Structures are given as C-alpha cells and as structure tokens.
Amino acid sequence: MKIGYPCINRTIGCTSNATFRLASYAEEKLVKKIESNLDCVLRMLQFNVAHDILFFRISSDIIPFASHPICTFDWPTHFQDTLANIGRFIRKHSIRISMHPDQFVVLNSPDLLVVYNSFRELKYHCFLLDALDLPQTAKVQIHIGGVYGDKTKALNRFVATYNTLPKFIKKRVVIENDDRLYNLNDCLRVHEQTGVPVLFDVFHHKCNPTKDSVASGLKRAAATWKKKDGVPMIDYSAQEKGKRPGAHAEQINSGQFKKFLKQIHGVDCDIMLEIKDKEKSAIKAVKIISDFRL
DNA sequence: AGTTGTCAAGCTAGT
DNA sequence: ACTAGCTTGACAACT
C-alpha cells in the first residue's frame, strides 16, 4: 500500500509545470522548460523516497505542447539520457507512477476532432511513460467523458473508440468514476465491454454514489485490475468544509483517513491523495499507515 | 518589483 | 447566450 500526491511539491521550491505561451512558441524555450521540468521531477521523486512516499502523479505539463501540432521537436531522443536516468530512479525505488490528462481528453465526444486531439494527448502520455521505460503498472487515468443527452449512446461511443486505441495506449489507460456524470456502475459496465481497469475515486463515489459502500465499491473496482496492471490505484480526498460540494480538502483529516483505512481493511491498493497541501498530507498519511500496520 | 488578466484543448449546469 | 468550475498555477504584459 503506497501513498502518493499529484504533480506539485510545495516544500522543495521547484516546479515541473513550467510552460510558456503558445503565441511565443520557440524550440529553444521548449528545451529549457523541459530541462527544468525534468530536473524538478527527479528532485521531487528524491524528496518522496526520503519520506517513504512511493506513489507519484507526474504532471501532464512536463513537456509543454507535447500533443500540439506546433511541437515537432523530438524530445524523447533529445532527452533520452535524462529520461532514462529518471526511469532508473523510479524502478530502483519501486515508485508507482500515474498521470492524469486534463479535461480535454474526451474519447466519447461526438466531435471527431476532439476525439483525435484526445488520442494525440494519450499518445504523448504513453510515449513519456515508455521513454521512462516503466512497466504496464504505470497508468494514465481518464474519465469516460460527456453525456450529450444520451448516456447509453455516449457509453457505447467510449467503448467503440477505446477499442480502436493501439496497444501501447490500451495497456496504460484506466477509467475513473467522476463526481457528476459517470459513477462506479457506469465504469464497471465499460470494463465489462473493454477490460479497462477501473480506478476507484473514493470522494467522487460519495458525490456520485452507487448502492455500494466504500468497501464494496473498492472491492468491485479492484477486481478489474489484472496482475500485470499492478496493485489497484485509488484516489482519495474529502470535502472541504464550507466550500461547494466536490471541493477538495485543504489538508488530510487523520481521524477520517484512519476510519477509511479500517473500512477498506484487507484490500491492497495504492492511494493517491488529492489533497491541496500535497506532500504535507502525504507525509502524515505515510505515518498513519505505518502506525496502522503495527 | 509588484500586480493582474490570461492561458491549446471540453463539458455541464446554472444564470 | 454566456460563464464558472474543474487540479490551480504561473506566464507575460502591464504598472
């Protein structure tokens, strides 16, 4: 059971999200940004290992404009050595890696251009994980997409498009239940028709529930992960008090988290904390888990 | 040096 | 018909 946090570390003072404006695109700028982003991601991973945080979500912005047609730069070759070095570090310390492309990846859109752009975006994410030489356990999580007034048709479109994806993408894509449109049952239906693993988002499950308790929801989702996909990943967050429903908590609530661990007792999974203070809560969670095991 | 409008991309729900 | 919100951050153009 590994603990992780997404993309940003607020302690060490570097960012792996540095980008620039499309209007001022220049290859030289791109190279500089990628260089500093890759440098930072390794520093974050080193920080994490030092704190027993062995799960991490790499920012989609690490290679700016990677899926945009303007970017013809061969970054996998240019940064071959750096990428290999980061990949070695990840494998050496058995760090679990995920990525989560933005809301623009919509495989079930009726607009073919949107589907095509989504494909390019997925391709980029999988290229990166391949360039790091990571196993199939490194995943790219996406949502099912829009509803467009007819959920059944929209679900069928997702299945049809998913089935056309090349192997190097299929082996990494997992789908996540969202907080408004597609709940766990919808994801499981898609799984039945495609075999795609389902990443259980505990907080979204509370916003957009099925009849399942957290424990039974997790068990059903966990059963969709094959051995080669690795231990099931889950997303964990909680409601920030006083904010609109669905707003993520500022910091982890230790009592709540302990209660959650008790609920899911017996199911192994890697937990991504979608909590705003990032590594701070992750460090607390690592401590809680190690106490829990005693 | 500090402030602030804006940033590649989609969708839904609320006005 | 339009826009806030999503994971918010941070770029870059302006005082």
Side-chain angles (χ1 to χ4, degrees), chain A residues 4-26 29-30 32-34 36-37 40-41 44 56-73 98-125 140-151 153-155 157-158 161 176-183 186 199 201-204 207-208 235-240 243-252 272-282:
Chain A
Y5 63 95
C7 309
I8 294 168
N9 179 303
R10 298 184 195 284
T11 305
I12 63 178
C14 72
T15 170
S16 64
N17 302 323
T19 183
F20 54 95
R21 295 289 181 263
L22 178 61
S24 61
Y25 184 92
K29 245 185 238 180
L30 181 72
K32 277 205 174 127
K33 294 296 181 186
I34 298 175
S36 71
N37 287 344
C40 181
V41 91
M44 289 194 279
F56 189 66
R57 184 182 296 165
I58 294 178
S59 169
S60 296
D61 294 333
I62 194 158
I63 314 285
F65 306 107
S67 76
H68 192 285
I70 200 170
C71 177
T72 55
F73 180 66
S98 70
M99 296 186 79
H100 192 349
D102 270 331
Q103 62 268 38
F104 312 107
V105 170
V106 188
L107 286 181
N108 74 347
S109 175
D111 182 340
L112 283 181
L113 188 60
V114 172
V115 177
Y116 177 66
N117 290 338
S118 303
F119 166 71
R120 288 181 63 115
E121 185 72 354
L122 286 178
K123 193 168 131 186
Y124 146 59
H125 282 79
V140 175
Q141 61 185 94
I142 59 173
H143 294 289
I144 293 176
V147 168
Y148 313 93
D150 188 335
K151 206 165 178 179
K153 274 189 187 161
L155 276 175
R157 267 204 310 279
F158 181 94
T161 305
E176 174 195 347
N177 55 309
D178 68 68
D179 57 343
R180 292 178 355 259
L181 308 176
Y182 292 100
N183 66 15
D186 299 319
L199 188 155
D201 187 311
V202 180
F203 184 41
H204 289 168
C207 304
N208 186 8
D235 283 351
Y236 176 90
S237 188
Q239 178 65 40
E240 174 71 14
K243 294 250 177 118
R244 57 151 198 95
H248 287 214
E250 197 58 47
Q251 50 188 343
I252 197 164
M272 178 58 61
L273 298 177
E274 292 190 322
I275 308 261
K276 298 208 181 181
D277 71 357
K278 308 280 178 185
E279 77 282 359
K280 281 204 185 105
S281 285

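Every value quoted in this text rests on a predicted model; they were computed, and no experiment measured them. Quick note on labels: first sequence line is chain A, next is B, and so on, each numbered from 1.
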If the [atom1] atom of [N] is compared with that of [M], how far apart are they to the nearest Å?
N      : M       : atom1 : answer
dG5(B) : dG5(C)  : P     : 15 Å
dA8(B) : dA13(C) : P     : 12 Å
dG9(C) : dG10(B) : P     : 23 Å
dT7(C) : dT3(B)  : C1'   : 24 Å

Determine: side-chain N/O of [X] to OP1/OP2 of [N], distance under 4.0 Å, yes or no.
X      : N       : answer
S24(A) : dC11(C) : no
R21(A) : dA10(C) : no
T15(A) : dA10(C) : yes

Q: Using a 4.0 Å heavy-atom cut-off across all strands, classify R10(A) as base, sugar-phosphate, or nothing.
A: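 Sugar-phosphate, backbone atoms only, no base.
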Q.
Once you apply a heavy-atom cut-off of 4.0 Å, does V147(A) come out as touching a base, just sugar-phosphate, or nothing?
A.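 If one applies the 4.0 Å heavy-atom cut-off, V147(A) turns out to touch the sugar-phosphate alone, with no base involved.
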Q.
Ignoring hydrogens and geometry beyond distance, is the side chain of S67(A) in donor-acceptor contact with the base of dA8(B) at under 3.5 Å?
A.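 Pair found.
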(Q) What is the distance, to the nearest angstrom, from the NE2 atom on H125(A) to the P atom on dA9(B)? (A)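 Roughly 17 Å, once rounded to whole Å.
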Out of [options], which nucleotide sits closest to the side chain of [X]?
X       : options                   : result
Q103(A) : dG10(B), dC11(B), dC11(C) : dG10(B)
N17(A)  : dA12(C), dC11(B), dA10(C) : dA10(C)
E121(A) : dA9(B), dC11(B), dA12(C)  : dA9(B)
P110(A) : dA10(C), dA9(B), dC11(B)  : dC11(B)
F65(A)  : dG9(C), dA8(B), dT7(C)    : dA8(B)
I8(A)   : dC11(B), dC11(C), dG9(C)  : dG9(C)
V106(A) : dT7(C), dG10(B), dC11(C)  : dG10(B)

Q: Determine which nucleotide pairs with dA13(C), using a 3.5 Å limit on both distances of a Watson-Crick or G-U wobble pair.
A: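 dT3(B) - that is the nucleotide pairing with dA13(C), both distances being under 3.5 Å.
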Q.
If stacking means aromatic ring centre less than 5.5 angstrom from the base's six-membered ring centre, planes under 30°, is F104(A) stacked on dA9(B)?
A.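 According to the criterion (under 5.5 Å, under 30°), yes, F104(A) stacks.
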Q: Check the side chains of S237(A) and E274(A) for a donor-acceptor pair under 3.5 angstrom, ignoring hydrogens and angles.
A: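 No, no side-chain donor-acceptor contact under 3.5 Å.
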Q | F65(A): which of F73(A), Y124(A), F20(A) passes ring pair (Phe, Tyr, Trp, His ring centres under 6.0 Å) | A |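 Considering F73(A), Y124(A), F20(A), a ring pair (Phe, Tyr, Trp, His ring centres under 6.0 Å) with F65(A) is found only for F20(A).
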